[in-house]
Protein chains: 2
Amino acid sequence: MANTILIVDDEPAICEMIGFALARAGYDYSETHNAEQAQAKIIAEPPVLILLDWMLPGLSGIDFARRLKREEATRGIPIIMLTARGEEADKIKGLETGADDYITKPFSPNELMARIRAVLRRTAPQATDDAIEIAHLHLDPVSHRVSSRGHAVEMGPTEFRLLHFFMTHAGRVYSRSQLLDLVWGRNVYIGERTVDVHIRRLRLALKKYGHDHLIETVRGSGYRFFAPAAQSRTG
Amino acid sequence: MANTILIVDDEPAICEMIGFALARAGYDYSETHNAEQAQAKIIAEPPVLILLDWMLPGLSGIDFARRLKREEATRGIPIIMLTARGEEADKIKGLETGADDYITKPFSPNELMARIRAVLRRTAPQATDDAIEIAHLHLDPVSHRVSSRGHAVEMGPTEFRLLHFFMTHAGRVYSRSQLLDLVWGRNVYIGERTVDVHIRRLRLALKKYGHDHLIETVRGSGYRFFAPAAQSRTG
DNA sequence: TAAAATTATTACAGTTATATTACAGGGCCG
DNA sequence: CGGCCCTGTAATATAACTGTAATAATTTTA
């Protein structure tokens, strides 16, 4: 599932500090201390977000970010730059080169978390820890629990991820192959019909409290989660 | 009670970072950003320990420490100096002037905690934690005891720490690797499966009075301490 | 209406994740 | 030193989940 955040900083103490804050906030994370290591980790297990030090030994953070944004495979991964003070002038340049946000050292854990959440919210809503509630169906990523008016709704891991994805992308149709990509992950070789089966399982789980109708079939296109009212969205 | 640790640093972000780590470790703390403020706070409510920035606007940290050590009333309060890198040469001088220890920025939370513990161990009695009770299961960090309706619940040290952690973070899922980080401590090379075994031991200990169900398995994600299902709060 | 296409349902067996048990080394205390 | 408790590991057992394929039901098309 790889819901990890990658820290790239050559200073181990900084890594540890950030890791500490991330762990506390419930994120998985991994550390690397240079661009090469980072590159390898990114390929091996794509993180949902990269915290990248501005100054790295060898390839600089800026160049590294630029490279990541050039590659098709890594382009989608949001980057938050960690800059030292007095590099204000370079900020805009950094953002131009692909960083999604930046933060100046020393930073407070709360500030860091706020920025991480902000970035994830607009790039990968299902990677945030925000609880969601639609039509009395409540999903809380932090406790990893689904409930309906106080009653726990039981389901398997895949169904949970599927539901989480749907609830963070309500009202939009996704084809089976898109769902495989976005919920199962890229690089999976699974028959599309399998999605049907998991939809079925999810519906069964939701049926207990009468929420199965929230998963809508769009014949010929895929599936869609019910959207309350008219949620017009641009983009 | 005044079991607080005073942070004196003109950089709010640093203060917040330290405070964050302190809070997580169960310490009370308060912040001040200059020597005058600090002086006032120390008089008003003597802390058990002072974390003092080397460089302060106005009166320097070194001078401030010296002054505190001259005063009868404040002499007994241990001081840990926060120094920036490259001030190695001054270290000894700092210690001579009264600091009990020093730590170089940037430092890891664990290192800071280790030093705080070390200093407190040889100066003040342990800072206290609050007792917790969930679903008739009672845990008291001070006496290091767990009980259920008056009956003592026996368990090993690791199980105690694990339970303590869970009870202070109820309702939230933690992966095995997070638990290793947060309960065992970072930098441990322990197989993840070991967590299962300690969970088992903890459950066995709790089973005697029927509390084993409080430790919930979340397949594919980790473990979670019981907490009532979330009610819908959005109207 | 029949055939074709698409989705729903069901059963199942391989796979993976967790629970349980046993054990050996380490540390502590008498 | 010897016994006891604690810890981490590994082996085994058990339980849960997953993907597939076969079949049924439904909708669309001709």
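When reading the values below, keep in mind they use all heavy atoms of this one structure, side chains included, and skip hydrogens, waters and symmetry mates. Protein chains get the first letters and strands the later ones, always in sequence-line order, with residue 1 at the start of each.
In terms of phosphate contacts, B:Thr158 brings a side-chain nitrogen or oxygen within less than 4.0 Å of OP1 or OP2 of D:dT7. One finds no side-chain N or O of B:Thr217 lying less than 4.0 angstrom from the OP1 or OP2 phosphate oxygen of C:dA17. Between C:dT7 and A:Arg176, a contact under 4.0 Å exists linking OP1 or OP2 to a side-chain N or O.
C:dA19 atom P lies 12 Å from atom NZ of B:Lys207, rounded to whole Å. Going from atom NE2 of A:His144 over to atom P of C:dA17 covers 14 Å, rounded to whole Å. In this entry the distance linking CZ of B:Arg200 with P of D:dT7 reads 16 Å, nearest Å. Rounded to an integer number of Å, the gap from CD1 of B:Ile199 to P of C:dA17 is 17 Å. Atom CH2 in B:Trp184 sits roughly 10 Å away from atom C1' in D:dG8 (whole-Å rounding). Rounding to whole angstrom units, CZ of residue A:Phe160 and P of D:dT18 are separated by 13 Å. B:Leu202 places its CG atom 16 Å from the C1' atom of C:dT18, with the value rounded to the nearest Å. In this entry the distance linking CZ of A:Arg203 with P of C:dT7 reads 11 Å, nearest Å.
Partners of A:Arg67 by salt bridge (Lys or Arg N to Asp or Glu O under 4.0 Å), not counting sequence neighbours: none found. Partners of B:Arg203 according to the salt bridge (Lys or Arg N to Asp or Glu O under 4.0 Å) rule, which considers only residues two or more places apart in sequence or in another chain, do not exist here. A search for side chain to side chain contact (heavy atoms under 4.5 Å, CB included) contacts involving A:Leu204 returns A:Arg200, not counting sequence neighbours. Not counting sequence neighbours, B:Glu16 has no partner by the salt bridge (Lys or Arg N to Asp or Glu O under 4.0 Å) test. With sequence neighbours excluded, the residues forming a ring-ring contact (aromatic ring centres under 6.0 Å, His included) with B:Phe165 are B:His169, B:Tyr174, listed by chain and number. For the side chain to side chain contact (heavy atoms under 4.5 Å, CB included) test, residues two or more places apart in sequence or in another chain that qualify with A:Ala127 are A:Asn3, A:Val48, A:Leu120, A:Ala124. With sequence neighbours left out, the salt bridge (Lys or Arg N to Asp or Glu O under 4.0 Å) criterion links A:Arg201 to no other residue. Residues passing the side chain to side chain contact (heavy atoms under 4.5 Å, CB included) test with A:Thr32, sequence neighbours excluded: A:Leu6, A:Val8, A:Gln37, A:Ala38, A:Lys41.
If you check every strand for non-hydrogen atoms under 4.0 Å, B:Glu159 touches sugar and phosphate atoms only.
Using a cutoff of 4.0 Å between basic side-chain nitrogens and carboxylate oxygens, A:Asp101 and A:Arg115 are scored as salt-bridged.
Looking at the side chain of B:Arg201, the nearest of the listed nucleotides D:dT7, C:dA8, C:dT21 is D:dT7. Checked against D:dC17, C:dT18, D:dT7, the side chain of B:Tyr223 finds its nearest nucleotide in C:dT18.
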Nucleotide N/O of nucleotides 27-30 of chain D paired with protein N/O under 3.5 Å:
none

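Of all the residues in residues 190-198 of chain B, B:Ile190, B:Gly191, B:Thr194, B:Val197, B:His198 reach under 4.0 Å from DNA chain D with at least one non-hydrogen atom. The stretch residues 166-173 of chain B has no heavy atom under 4.0 Å from DNA chain D, so no residue of it qualifies as close.
Counting only heavy atoms from C-beta outward, the side chains of A:Leu82 and A:Leu52 never approach each other to under 4.5 Å.
DNA chain D is contacted by both A:Gly156 and A:Tyr189; A:Gly156 maps to the nucleotide lying nearer its 5′ end (nearest heavy atom per residue).
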Run the side-chain donor-acceptor check on residues 205-213 of chain B: report pairs under 3.5 Å with partners two or more places apart or on a different chain.
residue, atom, partner, partner atom, Å
B:His211, ND1, B:Tyr209, O, 3.2
B:His211, NE2, B:Ala135, O, 3.3
B:His213, ND1, B:Gly210, O, 3.2

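Within the 3.5 Å criterion, the main-chain N or O of A:His151 finds no donor-acceptor partner in the side chain of A:Ser148.
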